[in-house]
Structure formats: structure tokens, C-alpha cells
Amino acid sequence: MAVTNRDQELVVTVSPHVRSDESTAKIMWTVTLSLLPAFAMSVYYFGPRAVYVTALSILGCLFSEWLVQKMAGREITLSDGSAFLTGLLLGMNMPSSVPFYIPLVSAFVAVAITKQLFGGLGYNIFNPALIGRAFALITWPRAMTTWFTPTAAFVAMDAKTTATPLGILKEEGMHKLLEVFGDKMTLYYQLLIGHRAGSLGETSVIAILIGAAFLLYKRYISLHIPLSFLATVAVLTWVFGGKEGLFTGDPIVHLLSGGLMLGAFYMATDYVTCPSVKTGQIIFGIGCGALTALIRLKAGYPEGVMFAILLMNCFTPLIDRNLKTKVFGARKEAAK
Amino acid sequence: MALLTFKGGVHPPENKELSAKAPIREAAPPKQAVIPLSQHIGAPCNCVVEVGQEVKKGQLIGEPTAFVSAPVHSSVSGKVVEITQIPNAMGRLVQAVVIDNDGKEEWAPLQDNPDYMNLSPEELKEKIKNAGIVGMGGATFPTHVKLSPPKEKPIDVVIINGAECEPYLTADHRLMVENPEQVIEGLKILMKILGVSKGYVGIENNKPDAIEKMTEAASKEPNIEVKALQVKYPQGAEKMLIKAIIDREVPAGGLPMDVGVVVQNVGTAVAIFEACRYGKPLIERIVTVTGRGVKEPGNLKARIGTPIRQLIDECGGFVDNPKKVILGGPMMGFAQFSLDVPVTKGTSGVLVLSETEYVSSEKYGPCIRCGRCIEACPMGLMPLMLSILSEKGFYEDTREYNIMDCFECGSCTYVCPSKRPIVHHIRLAKSLIKR
């Protein structure tokens, strides 16, 4: 019997023998692509400096990834798009006014420290881009809160600075905000299209929503986290956000301001650092929303999305551990 | 009406068009049949023939040694030339009887029963047992055992599994199109044995001709219903099929009989009919020979013990150099290192993947916790955790994530964007865990 003769050319592996055409790189580059509208709007409002800051951030991230992987003897994975995406998000989370070294150093903190030193892609506890931004905000508080007026496009060198809507709301209140923008509808409209001071990629809500809709359509993200996040912020800012007592806050201003949309759709939904089970994701979203509202309304910073998401990142393993999926045919633990 | 289905699952490319229209044809009897004595789940058979002995087609060559076992018969007439050990489809060594075919096709005496529906349930069950019938969908569980549920587990529904959810495979499809009456007769026998008044046939909606033929064949049977199922893998898994058709959930760690159901594959139903009607033992089956690596994909009725090399030759041979040859479907089948491995009772297909269809699984990345595997898992498990824990050697901890409920359908691995060998990790942990 010659049954054991090996037919040379045949590959033997375990099942399954077919795979979907989805890949980590495809996901990362698609998410990057979906950020193009928001990036385009940042260039429109903030001019060449938007390209400059974002490019520095991306280069910093790519270099950091390469450096640590080289030093650690790991495979170089620049082509998977993960470091590029982190760089893009980090850049979009910075004011247009920052000096060159801030995006570079923050990129190193984001990718080298937060991601690679924790084990690389998939092993990081915190969202790398947000840690990079948090580091920058704490290290260079003034530079990170100096906002150019968005109309300063292409004349950024002698641009005027101004406060963000959330900053005005915090320091002076709703009446001042209306004074600056005109009436309420104008305010909402300007916030929606992104004609306001803020981080590069966060201002244009409509551009962010276009990208997010694409990701939802591609099923790369689901609504569990963004919806629970946004709904919680809306409810809490409506109930507690007004100066004239309960239920007098303006949730729409809060929804359209700051980094909320970018955070809810792009940062909180980061696969690695959010819970993997849908019920856990809803808890995570509610936690992000509650912390955001708490910081915006009661803490020293006008904006709280970044710290809220980073704090909830800490809870992700705990949430995943306690909210597992329901196993098919699981017996109810009936008390007899 | 909305199509019936279950929660989870995946949609791999079906690729059934390669062979779906090819009528079943007889493969040539092998010149030398290599018949393993263990082609089923359960105890291997004792060899009851000797080297040099003449045997007839259908003659018993291996007798069961336990209740959970199934006899093995010769698929050709001729002379036993060797009793040896061969690797089976999974690569494990099993005892096998090698018979040189004398070409006379002489049958051992068979008992004809034109009046089989008037036999008692016990007599029918005995015939099924003696014919060596096992689950022909691939699981190869001895059928008579499934038909002997304990008294405290009354059965009220029999389901014939015509889902054939594995991509590429069309053996059950062709059987339903060409022999629908025999499938229904097999189902009626099963219902009689189990004293059941309700029978279903579940068929995925990508086989409209099979649904039509089966519905027509069942039209005279008020107790039998043909149900169209959504096309989704693994719709043909017993638990998923039961959930889809009668909305009962087999308890974790349990069997279909725990919810009063017995499921049998289409091929098994036909084998049951043939055993009861003609006394014919299970010595041949329909095998889909397909894939872009074979010239003329088709559906062959092949004798048990036929080397797959012969079936591939009968389908025109290879196109260029094949990359992978799989017994079964691409989701749960077994890659082969030799073309001498014989067709057994559980061989539903011989899939030859060409260079273009082959996907390398050598390189994989870290888990990015995207959760696609959770969405895909029909059992509601968290494959990512099972994979990560197993990869790190924390085998015992996988229990916490219900590893034993995994039936290794491969949906998680199919969708994983990091191309992680999740099922492999799970199998490893299962085998190393303390029972």
C-alpha cells in the first residue's frame, strides 16, 4: 500500500480553507479614507497649516512605529495603515496653531509608548491618538488651547486667535455664544458645517457624519457606542447644563461642539480599546457620555471627550469580562 | 414568507455552480478497494475476514464491538489481499481491509422487502443498524444510536437536513433533485421508527429546484413539510437547523433529542430507504468532486474504498497543479496529503483548490478585537477570547468562555481580518484541557 506517500505539491492545513477578503489593513485604510471629508474641511477652514500639522503627526507616527519595531526586532507593519490612521487622527485633534515639535513628540508618545511598548497593535489599553493628545495638552497647555479663527485660511501667520464655542460657553455662558454667532439657528448651522474655532478635524460635524455614515454602511463600526455616547451627553447637558436650573441646558450646542462627534464615531469605536460585546459597548458609550458631560459642566476643562474616552478605556477589560455573550442554548440558572 | 434562519453565521462564496447542474453518475468500481474498519464515531469494528478470503459485494467485513459503532461491508466482490493500517481523512491510522476487485460485481444475498412500511419499528431499526448506516453529512454518527433515544427523551419531530450549507458541495442537492421520493420514503421510515407524526425537510434557498422537487414528492404526505431556509453558513449544523425550522434551542452541551428532535442528512435518508427496502448495506455514496483545480466537476456515486485519486481522474484530472485537496467542504473539511485516501461513509466531497482559490493561512496578525467573530459565531461564543487565551497557553481559562460549546464550524476564522487560525487555537485548547 502506498497510501502514506506524500503528494508533494499539496498544502495541508486545518480548516477552514477559505477566508473572507477583509483584512486589518483594509479596515485601517478604509477608516482613513472615510476621514477625508473632515480633513478636507480642516484644510478649507485652517489653510496650509492643517496639512502641515497633520503631515507632521502622520510622519511622526510612522517613524515611531518603524523605530520601535526595528529596535524590538518585530516585523515592520507600516503598511497595515494603523500608524498612519493614528497619525491622521492625532493631527486632526490638534489646533492649527501648534509649533512643529508638538505633533512630532505627541506622535512618539502615541505610537511608540502607548501602542508599541504595550505590545503593538491589539495590545494597547488606551487609544494611542488620544494619549498623544492628552500628553500634548498637559505638557503644552497654552499652545494646545490657542485657537486660530477658522476664516484665517491661507493667512495663518498673522491669524487672529479666538475661543472655542465650548470655551465661551464655560467662561461666559450661552448669551455670549449667541452674541458671537448671532441667533440660535446661525449658531447651530455654523457648528454643523464647522465654521468655528477648534481642533483641525473636529469642527465640521457634517463632514465627520459623512465619513461615519460610510463606515456604518460598510459595517466597520456599529451605532452601539456612538448612539449611547451622544444620547447620554444630550440628556445630561439638557438636564444639568443650563444656568437657570434643571432642564434648561442646550443639548444641541453640546452635541455639535468640541470633539464629541469625532470622538464618538472615530475614537470611542476604536476596536482595540472598546468592549467587543454589544451590551458592553452600550455601557461603554454611556460611561463616555456621562464623563464628558461631567467634565464639560463641572470640571476645569471646557471639553471632556478625550479624558472621558481614556477613562472608559480603563474599564474595557472589566466590561468585557462581565458582559459576555449569551451562549446558544445556555440553561437558565433557575433557582429551584 | 421570510426565510427561516438562526442568529450569526457567515456568507462565504457558494461556488456551487461548478457542479450543481451535473447529474449524478456512477464512478467506476475501484480495481482495489481500501475499506477502513472505522468510518464512524464510536468503537472501531473487528475484522471478520482473512487475507486470501473471497468476499462478495455487500458482505460483512467488519463487525461492531459496541453499541455506538456501525458494521462495515465490502463494496466490491473479490479477494482480500491485505489487512493493514492506513491514515484516514483526519490523518489518524485506522485498520483497513484491502480487496482486489474481481470485476464480477457479485452481491451477497440481500433481503428484499417490498412491504417494508409494514415492518415493526424494531425490525426497521435492526435493518438500519445491520446496513452500517451512519450520518452521511460528515459527522458519521451511527444512525441506529440516534434512533434509540432513552425513554425520558420523547421525540416528536424528525428533520431531514438538506441545507448543504458548505460551499461547493452539491451531493445532497443532486440527490434531492434526482431522488426526492427516496428521501421522503427515508423520512417516513424514520418517523415510523420514532413514532413521530411530524417531519420536515430543510433546504437552503439557493436550491430552488430541490425545494420544488421535494415539495412535490412530499405533497401526498400531510405530515411532512418542506421548509426553505436562508442561505447562510452553518445553516446545516443540527442546532442551527432545529432553531430555524421549529425554533427550539438545543441546550448547551446537549443533543437534539433533548428538545425532542432527530436530524438526519439527505444522503442518510436515502441509505435508510435502500436498507429497509432492498436490504442494501451502505457501500456507496454520492461524492461531489469539485473546485477549480479539477477539469470537470461533478457528482459521482462512488463505492466506499475508492481512492480519491480515481474520482479526480474520472472528473478529467487536475487543472495544472492543485494547491490543496480537501475531503468535505472548504469550511470544515480536511486537507489531504495523499490522493490514496479512500472514500468513506462520511466523504461528502473531494474539493480541489486551484492556485487562484487557495488562501495561504501561514501569516496572521494580532487580534484587533473587532468583534466580527462574535457576530459570526452561531453558538454565541467569544472566539477572540478563546483564541487569545489558547495562544498564550491559558487553556483552562477557555472554559470560562464555554469552549466546549464550539463545534468548529470555522465562521470566526472565515471573518477574522487578522487571519487568525481561531479554530485551530480552539481545537488545541480543547485537546489539552482537563476533562
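Just so it is clear: chains get the letters A, B, ... in the order the sequence lines come, proteins before strands, and each one is counted from 1. Values below: every heavy atom of this structure, side chains too, minus hydrogens, waters and symmetry copies.
- Between chain A and the residues B:Pro322, B:Pro421, B:Gly329, B:Cys367, the most heavy-atom pairs under 4.5 angstrom are made by B:Pro322.
- For chain B, the nearby parts of A:Leu121 are the backbone and the side chain; heavy atoms of each come within less than 4.5 Å.
- Neither the backbone nor the side chain of B:Lys7 comes within less than 4.5 Å of any heavy atom in chain A.
- Looking at B:Val325, the atoms closer than 4.5 Å to chain A (heavy atoms on both sides) sit in the backbone and in the side chain alike.
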Inset, instruction - Apply salt bridge (Lys or Arg N to Asp or Glu O under 4.0 Å) to the pair A:Glu75 and B:Lys363, showing each step before the final yes or no. - result: CA-CA 12 Å; A:Glu75 194 193 345; B:Lys363 268 189 70 179; 3.1 Å; yes

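- Minimum interatomic distance between B:Ile368 and A:Tyr271 (heavy atoms only, all atoms of both residues): O-CB, 3.1 Å.
- Contact tally against chain A (heavy-atom pairs below 4.5 Å) for B:Glu357, B:Glu362, B:Met240, B:Glu408: the top residue is B:Met240.
- For A:Gln281, no part lies near chain B; criterion is any non-hydrogen pair under 4.5 Å.
- Each of B:Gly371, B:Pro12, B:Ser361 has some count of heavy-atom pairs under 4.5 Å with chain A, and the biggest count is that of B:Ser361.
- Closest heavy-atom contact between B:Arg427 and A:Ser15: NH2-OG, 2.9 Å.
- Within 6.0 Å of the CZ atom in A:Arg74, the count of heavy atoms belonging to other residues, nucleotides or ligands exceeds 12.
- Contact detail for A:Pro16 and B:Gly410: the closest heavy-atom pair is CG-O, 3.6 Å.
- Between the side chain of A:Thr325 and the main chain of B:Gly380, a donor-acceptor pair closer than 3.5 Å is present.
- Atom CZ of B:Phe318 has more than 12 neighbouring heavy atoms from other residues, nucleotides or ligands inside a 6.0 Å radius.
- Of the two parts of A:Lys26, neither the backbone nor the side chain holds a non-hydrogen atom closer than 4.5 Å to a non-hydrogen atom of chain B.
- Between A:Leu10 atom CG and B:Tyr358 atom OH the span is 11.0 Å, to the nearest 0.5 Å.
- Note: B:Ile326 leads B:Leu351, B:Asn402, B:Ile422, B:Ile326 in heavy-atom pairs under 4.5 Å with chain A.
- In this structure, B:Arg372 forms a cation-pi arrangement with A:Tyr220, its terminal cationic atom sitting closer than 6.0 Å to the ring centre and no more than 45° off the ring axis.
- Using non-hydrogen atoms only and a strict 4.5 Å limit, the part of residues 381-389 of chain B facing chain A consists of B:Leu381, B:Met382, B:Leu384.
- Counting heavy-atom pairs under 4.5 Å between each of A:Ile27, A:Val14, A:Val18, A:Asp320 and chain B puts A:Val18 at the top.
- Nearest heavy-atom pair across B:Pro366 and A:Tyr123 is CB-CE1, 3.9 Å.
- In terms of heavy-atom pairs under 4.5 Å with chain B, the best-connected choice from A:Arg219, A:Lys324, A:Lys326 is A:Lys324.
- In this structure, chain A has a heavy atom under 4.5 Å from the backbone of B:Pro378, while its side chain stays farther away.
- With chain B as partner, the option from A:Gly120, A:Gly122, A:Ser23, A:Ser82 having the largest number of non-hydrogen pairs under 4.5 angstrom is A:Ser23.
- Closest non-hydrogen pair, A:His17 versus B:Gly333, comes out as NE2-O, 2.9 Å.
- In this structure, the portion of B:Tyr401 lying under 4.5 Å from any heavy atom of chain A is its side chain and not its backbone.
- Of the listed residues B:His424, B:Met332, B:Lys419, the one with more heavy-atom pairs under 4.5 angstrom with chain A than any other is B:Lys419.
- Two residues are said to be in side-chain contact when any heavy atoms from C-beta on lie closer than 4.5 Å; B:Lys324 and A:Thr13 meet this criterion.
- The two residues A:Arg19 and B:Arg420 have their closest heavy-atom pair at NH1-O, 4.1 Å.
- Put simply, the side chain of A:Ser20 gets close to the backbone of B:Tyr414: a donor and an acceptor are under 3.5 Å apart.
- A:Val11 is not listed as a side-chain neighbour of B:Leu353, based on a closest heavy-atom distance of 4.5 Å or more.
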